[in-house]
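Here is the structure we will look at.
None of these values were measured; they are calculated from a predicted model. The sequence lines fix the lettering, A, B, ..., with proteins before strands; numbering per chain opens at 1.
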Amino acid sequence: MPELAEVEYYRKEWDAGLRKKITAVELHAGKRIFRGVDTKRLAATLKGAAYTGSEARAKLMCFRFSGGVWLGVHLGMSGELRVEAKDFEPGRHDHLVLRQSARSLVFSDPRQFGRVHFHEGRAEPEWWAKLPPAVTSPEFTLERMSAFLKRRARLAVKAALLVQTAFPGVGNWMADEILWQARIDPRALCGKLSRKQIAAIWEKAREICQVSLDTIGKDYSDPPEDWLIHQRWTNKGLCPRDGLQLKTATIGGRTTRWCARCQR
DNA sequence: CGAGATGTTCGGCT
DNA sequence: AAGCCGAACATCTC
C-alpha cells in the first residue's frame with residue numbers, strides 16, 4: 001500500500017506513544033524484515049528508552065528514542081503501523097511490538113518486503129541521512145530533474161518516475177497520477193520528451209506529492225475527486241477527463257494504466 | 001487454482 | 001561501464 005503520503009500517515013499512528021517509555025520489546029527475530037539487524041541488541045536497547053519523535057522521508061520512517069537510538073521502518077508492499085491495547089496479543093505478521101504502559105506500538109507486514117533499520121549514536125545513521133531531496137523541497141529543481149531524465153534517455157518515463165534516487169517516495173499509483181495529470185504517455189522515452197512535457201512532469205510531481213501529503217498523509221482523507229487514483233484503484237477504470245476506458249500494460253515492470261486519448 | 005499486488009535488490013545482459 | 005530488464009523475495013486475495 002504505502003507510498004509517500006501513506007507512509008506519512010502511518011508514521012503519525014505511533015504519535016499516541018510520544019514521550020512515553022518502552023517497557024518491553026517483542027519481535028520475530030530471523031524474519032526477513034530484520035535482515036542485517038542485531039535484533040537482540042535492538043530489543044535490549046529500546047527497552048527503557050522513551051519514544052521522543054519521528055519523521056518520514058520518501059518511503060522511510062525514522063523513530064527516535066532517548067539515549068540516541070534510531071529505529072527506521074520501511075513498509076515495503078504490505079506493511080502497516082498500528083496502535084493496539086497494552087495487553088494486545090501479536091498475530092502471525094506482527095513482527096515488532098513496542099510495549100508501553102498504556103498501549104502497544106505494532107509493525108505488521110505479511111509479505112515482509114518491508115524492513116527495519118537500527119542505529120545507536122549521536123549522528124544520523126547513513127540510511128537516514130543519505131536520502132535524496134524530497135520532490136516537494138526547493139532542492140528538487142527543474143534542472144536537477146531534467147538532467148536525470150536526460151541520463152535515462154532510453155527509459156520509459158513511467159519507469160523513470162519509479163527511480164527512488166530521483167523521485168523519492170513516488171510509487172506506482174503516484175507515477176500514473178503524475179503522467180495522467182501531465183498528459184504524457186507512460187511509454188514515452190525520456191529522451192523524446194519536450195521541454196514543455198518535462199516542465200509539466202516537474203510541476204505535477206510536486207503538486208501531487210504536496211496535495212497527497214495534505215489529504216492522505218494528514219488523515220487518510222481522499223485526494224481531489226477528479227484525480228486518476230479513484231478510477232485507477234477503485235472504479236472501473238474510466239479516464240476522469242473524457243470517460244474513455246483506460247489502457248493497461250506492464251511498463252517498467254509495473255502495472256500501468258493510462259488514457260490513450262489525453263496522454264500522448 | 002493461478003495470477004497479481006501502492007517495493008526493493010540482485011544478477012546478468014547489452 | 002552504465003543502464004536496463006526480469007526474477008526473486010513471502011503471503012494474501014480475487
**Item:** Within 6.0 angstrom of A:Arg35 CZ, more than 12 heavy atoms from elsewhere
**Value:** yes
**Prompt:** Within a reach of under 6.0 Å around NZ of A:Lys21, are more than 12 heavy atoms found that belong to other residues, nucleotides or ligands?
**Reply:** no
Do any side-chain nitrogens or oxygens of [X] fall under 4.0 Å of OP1 or OP2 in [N]?
{"X": "A:Arg152", "N": "C:dC4", "result": "yes"}
{"X": "A:His74", "N": "B:dG7", "result": "no"}
{"X": "A:His93", "N": "C:dA10", "result": "no"}
{"X": "A:Gln112", "N": "C:dT11", "result": "yes"}
{"X": "A:Arg92", "N": "C:dC12", "result": "yes"}
{"X": "A:Thr255", "N": "B:dA5", "result": "yes"}

Can you measure [X] atom [atom1] to [N] atom [atom2] for me and round it to whole angstrom units?
{"X": "A:Trp127", "N": "B:dT9", "atom1": "CH2", "atom2": "C1'", "result": "19 Å"}
{"X": "A:Arg35", "N": "B:dG7", "atom1": "CZ", "atom2": "C1'", "result": "10 Å"}
{"X": "A:Arg254", "N": "B:dT9", "atom1": "CZ", "atom2": "P", "result": "13 Å"}
{"X": "A:Met77", "N": "B:dG7", "atom1": "CE", "atom2": "C1'", "result": "5 Å"}
{"X": "A:Arg154", "N": "C:dG3", "atom1": "CZ", "atom2": "P", "result": "14 Å"}
{"X": "A:Asn172", "N": "B:dA5", "atom1": "CG", "atom2": "C1'", "result": "10 Å"}
{"X": "A:Leu75", "N": "C:dA10", "atom1": "CG", "atom2": "P", "result": "18 Å"}
{"X": "A:Leu149", "N": "C:dG3", "atom1": "CG", "atom2": "P", "result": "13 Å"}

Would [X] and [Y] count as having a side-chain donor-acceptor pair, cut-off 3.5 Å?
{"X": "A:Thr248", "Y": "A:Arg257", "answer": "yes"}
{"X": "A:Arg99", "Y": "A:Thr23", "answer": "no"}
{"X": "A:Lys158", "Y": "A:Thr256", "answer": "yes"}

**Prompt:** Mind checking the C1' distance from B:dT9 to C:dC12? Whole angstroms is fine.
**Reply:** 22 Å
**Message:** Here's one to test your reading of the geometry: is the NZ or CZ of A:Arg241 within 45 degrees of the ring axis of A:Trp180 and under 6.0 Å from its centre?
**Reply:** yes
**Under 3.5 Å donor-acceptor pair, A:Arg111 side-chain atoms to B:dA5 base atoms** = yes
Considering every strand and a 4.0 Å limit on heavy-atom distances, what is the contact class for [X]: base, sugar-phosphate, or nothing?
{"X": "A:Glu6", "result": "base"}
{"X": "A:Pro110", "result": "sugar-phosphate"}
{"X": "A:Gly253", "result": "nothing"}

**Bracket string, DNA chain B, 5' to 3' - pairs by Watson-Crick or G-U geometry under 3.5 Å, | interstrand** = .||||.||||||||
**Request:** Using the six-membered ring for Trp and the full ring for Phe, Tyr or His, decide whether A:Phe113 stacks on the six-membered base ring of B:dT8 (centres under 5.5 Å, planes under 30°).
**Result:** no
**Asked** Which nucleotide sits closest to the side chain of A:Leu155: B:dT8, C:dC4, C:dT11?
**Response** C:dC4
**Item:** Side-chain heavy atoms of A:Arg254 within contact of A:Leu162, under 4.5 Å
**Value:** yes
**Request:** Check the pair A:Phe118 / A:Val69 against side-chain contact (heavy atoms from CB on, under 4.5 Å), numbers first and verdict last.
**Result:** CA-CA 8 Å; A:Phe118 175 64; A:Val69 182; 3.6 Å; yes
